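Since the model is a prediction, treat every value here as computed from it, not as a measurement. Any value given below was found using the heavy atoms of this structure, including those in side chains, with hydrogens, waters and symmetry copies removed. Just so you know, residue 1 is the first one in the sequence shown, and it goes up from there.
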Amino acid sequence: MKFLVSILFSLVFAFNCHAQTVTKNVFPKDIKGARLNFKADFSEALICGMNEKEFSEYEKDWEEDKPTIVKNFRSGANLSIGKTYAVGDYQDASYTIMVKVNTITDEGYIVCDANIIDKDGNVLFTLEKLTGGKEPAFMIGTKLARMKIWATLTGKALGDILKKELPK
């Protein structure tokens, strides 16, 4: 099973084509090497054609699996961003990455926007239409399993962009 998942992960990753757009980038010098708190907002997302409340009624394991989806997103970002920065659950951090999930398709494909915000609420960085690559025509597994894979891929895409954009 692990072999099959790793093959699927590799195939999905091979289709990676980013449509992301950075629309704001004004990082202060003190952000270098910072820990970045990570939050994800699904409140306005269209998940498999439903709002989050409807989807949680349809997919009973949503509330149980949602933290894993968020964790996979963070892990994907950390895989790419390197050791200079750390993305995680750092409530006391000076900076927060706020991901607003817009859409999750039946295949688990995620489209979201991301902002980095300082403690005063100032938006330092904005990334629109973040995705983990090109949506596949077909992907096996449950909806939630596919979302977990795409969360990792989308987090990795975020990490790749942050690695290029954040001060070295």
Side-chain angles (χ1 to χ4, degrees), residues 16-56 59 61-105 107-133 135 143-144 146-168:
N16 202 6
C17 89
H18 300 286
Q20 293 84 222
T21 305
V22 175
T23 59
K24 185 171 189 174
N25 184 345
V26 290
F27 292 116
K29 290 183 181 185
D30 74 339
I31 196 170
K32 186 176 180 182
R35 294 183 312 159
L36 305 169
N37 189 31
F38 182 89
K39 293 183 181 180
D41 178 8
F42 295 86
S43 66
E44 295 180 30
L46 192 60
I47 306 171
C48 301
M50 299 170 251
N51 65 38
E52 186 178 17
K53 182 177 185 280
E54 292 168 336
F55 185 72
S56 68
E59 183 60 67
D61 290 335
W62 170 249
E63 291 301 326
E64 181 180 320
D65 285 1
K66 187 164 103 173
T68 303
I69 292 167
V70 172
K71 178 182 171 205
N72 286 6
F73 203 115
R74 284 192 312 249
S75 296
N78 280 318
L79 284 172
S80 293
I81 205 166
K83 297 183 188 227
T84 306
Y85 293 89
V87 176
D89 186 13
Y90 305 119
Q91 299 299 316
D92 62 337
S94 297
Y95 303 97
T96 297
I97 298 174
M98 174 56 79
V99 171
K100 183 172 172 55
V101 178
N102 300 320
T103 308
I104 303 176
T105 68
E107 296 301 328
Y109 182 75
I110 299 170
V111 179
C112 54
D113 298 328
N115 290 303
I116 296 182
I117 304 163
D118 68 14
K119 280 196 178 244
D120 297 326
N122 299 310
V123 177
L124 308 173
F125 178 82
T126 300
L127 176 61
E128 296 175 347
K129 299 179 186 168
L130 174 65
T131 68
E135 185 172 12
K143 286 179 178 21
L144 292 173
R146 294 188 301 254
M147 286 177 199
K148 290 173 188 173
I149 293 169
W150 277 105
T152 303
L153 293 171
T154 306
K156 183 174 180 340
L158 175 63
D160 288 343
I161 291 167
L162 291 177
K163 187 174 184 177
K164 291 176 190 169
E165 299 288 334
L166 284 166
K168 309 283 186 275

Salt-bridge present ([X], [Y]; N to O < 4.0 Å):
{"X": "D113", "Y": "K129", "value": "no"}
{"X": "E44", "Y": "K100", "value": "yes"}
{"X": "K143", "Y": "E107", "value": "no"}
{"X": "K164", "Y": "D160", "value": "no"}
{"X": "R74", "Y": "D89", "value": "no"}

If you round to the nearest 0.5 Å, how far is [atom2] of [Y] from [atom1] of [X]?
{"X": "S56", "Y": "F42", "atom1": "OG", "atom2": "CZ", "result": "12.5 Å"}
{"X": "I117", "Y": "I97", "atom1": "CD1", "atom2": "CD1", "result": "10.0 Å"}
{"X": "F27", "Y": "E165", "atom1": "CZ", "atom2": "CD", "result": "7.0 Å"}
{"X": "N37", "Y": "Y90", "atom1": "CG", "atom2": "OH", "result": "9.5 Å"}
{"X": "I161", "Y": "L130", "atom1": "CD1", "atom2": "CG", "result": "6.0 Å"}
{"X": "E59", "Y": "L144", "atom1": "CD", "atom2": "CG", "result": "4.0 Å"}

Test log, rule side-chain contact (heavy atoms from CB on, under 4.5 Å), inputs L124 and K24 = CA-CA 7 Å; L124 308 173; K24 185 171 189 174; over 6 Å; no
Side chain proximity check, [X] to [Y], heavy atoms < 4.5 angstrom:
{"X": "C48", "Y": "T105", "answer": "no"}
{"X": "K39", "Y": "V99", "answer": "no"}
{"X": "L153", "Y": "Y109", "answer": "no"}
{"X": "I31", "Y": "L166", "answer": "yes"}
{"X": "W150", "Y": "I69", "answer": "no"}
{"X": "L162", "Y": "I116", "answer": "yes"}
{"X": "F125", "Y": "N115", "answer": "no"}
{"X": "V101", "Y": "I110", "answer": "yes"}

Okay, side chain of [X], backbone of [Y]: is any donor-acceptor separation there less than 3.5 Å?
{"X": "N78", "Y": "V87", "result": "yes"}
{"X": "S80", "Y": "A77", "result": "no"}
{"X": "T152", "Y": "F73", "result": "no"}
{"X": "D118", "Y": "D120", "result": "yes"}
{"X": "K168", "Y": "K163", "result": "yes"}
{"X": "N51", "Y": "E54", "result": "yes"}

Is the NZ atom of K66 crowded by more than 12 outside heavy atoms at less than 6.0 Å?
->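 More than 12 heavy atoms, drawn from other residues, nucleotides or ligands, come within 6.0 Å of this atom.
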Stepwise, does the side-chain hydrogen bond (donor to acceptor under 3.5 Å, both in side chains) test hold for Y95 with N122?
-> CA-CA 10 Å; Y95 303 97; N122 299 310; over 6 Å; no
Only one of N72, I47, D65 clears side-chain contact (heavy atoms from CB on, under 4.5 Å) with M147; which?
->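 Only one option passes, and that is I47.
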Could you tell me how the ring of F55 sits relative to the ring of W62: parallel (under 30°), tilted (30 to 60°) or perpendicular (over 60°)?
->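 The rings of F55 and W62 stand perpendicular, inter-plane angle above 60°.
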Assess the side chains of S94 and K119: does a donor N or O sit below 3.5 Å from an acceptor N or O?
->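 Short answer, no.
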Heavy-atom closest pair, residues A157 and G132 =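 Closest approach of A157 to G132: CB-CA, 4.3 Å.
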For side-chain contact (heavy atoms from CB on, under 4.5 Å), just list the numbers for E63 and E52, CA-CA rounded to whole Å, side-chain angles, deciding distance to a tenth of an Å, and then say yes or no.
-> CA-CA 10 Å; E63 291 301 326; E52 186 178 17; 4.2 Å; yes
